[in-house]
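The figures here come from the full heavy-atom set of this structure, side chains too, leaving out hydrogens, waters and symmetry mates.
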Amino acid sequence: MSDDEHVGDASGKGGRLLGWVFRNLAGPPQMQGAVQGGSRLAREGWKQDLERRKQWSREQRELKRAQREARRGDR
């Protein structure tokens with residue numbers, strides 16, 4: 001393939017045909033209402049899982065911060 005040949009458009013979507021195929025046949029699922037559409041128990045489980053993930057992230061940030069402070073104190 002030479003330098004002047006170009007496949008797809010500059011945005012990396014692969015052109016009009018592949019764009020249409022992706023949007024209409026192979027596109028991502030619709031996520032609107034995904035959490036609201038489940039049972040109350042499923043929503044509560046999702047919220048608890050999200051809070052656990054956020055707590056873990058906060059703990060990891062605090063651990064890294066403490067490690068940085070300890071390294072600065074050793075200098």
Side-chain angles (χ1 to χ4, degrees):
M1 186 154 96
S2 68
D3 291 334
D4 57 348
E5 291 182 32
H6 183 71
V7 177
D9 61 2
S11 65
K13 295 178 185 173
R16 287 192 303 172
L17 179 60
L18 287 177
W20 181 89
V21 169
F22 182 77
R23 283 190 312 275
N24 294 294
L25 302 176
Q30 298 296 319
M31 299 303 293
Q32 184 176 10
V35 174
Q36 293 82 3
S39 68
R40 185 170 48 87
L41 184 61
R43 285 193 303 271
E44 291 303 317
W46 183 85
K47 289 177 185 178
Q48 290 172 0
D49 180 60
L50 181 61
E51 184 53 41
R52 282 192 304 268
R53 291 170 183 257
K54 288 181 177 181
Q55 180 62 34
W56 184 84
S57 295
R58 285 189 292 264
E59 291 169 357
Q60 293 300 309
R61 283 193 303 271
E62 186 58 37
L63 180 63
K64 288 179 182 180
R65 187 176 299 122
Q67 289 171 346
R68 282 193 307 268
E69 291 298 321
R71 282 195 306 266
R72 288 180 187 158
D74 291 342
R75 291 182 184 174

Could you pull out all residues at least two apart from R68 that satisfy salt bridge (Lys or Arg N to Asp or Glu O under 4.0 Å)? none

As an exercise, state the distance from CH2 of W46 to CD of E51, rounded to the nearest 0.5 Å. 11.0 Å

Can you name the salt bridge (Lys or Arg N to Asp or Glu O under 4.0 Å) partners of R53, sequence neighbours left out? D49

How would you list, by chain and number, every residue that makes a side-chain hydrogen bond (donor to acceptor under 3.5 Å, both in side chains) with R71, sequence neighbours excluded? none

Taken to the nearest 0.5 Å, the spacing of R65 CZ from Q67 CD works out to 12.0 Å

Can you name the residues that form a side chain to side chain contact (heavy atoms under 4.5 Å, CB included) with E69, not counting sequence neighbours? R72

Excluding sequence neighbours, so at least two apart, what forms salt bridge (Lys or Arg N to Asp or Glu O under 4.0 Å) with E59? none

Near L41 CG, under 6.0 Å, is it more than 12 heavy atoms from other residues, nucleotides or ligands? no

Going by salt bridge (Lys or Arg N to Asp or Glu O under 4.0 Å), name the residues that satisfy it together with R40, two or more places apart in sequence or in a different chain. none

State, without any angle test, whether R58 and Q55 hold a side-chain donor-acceptor pair at a distance under 3.5 Å. yes

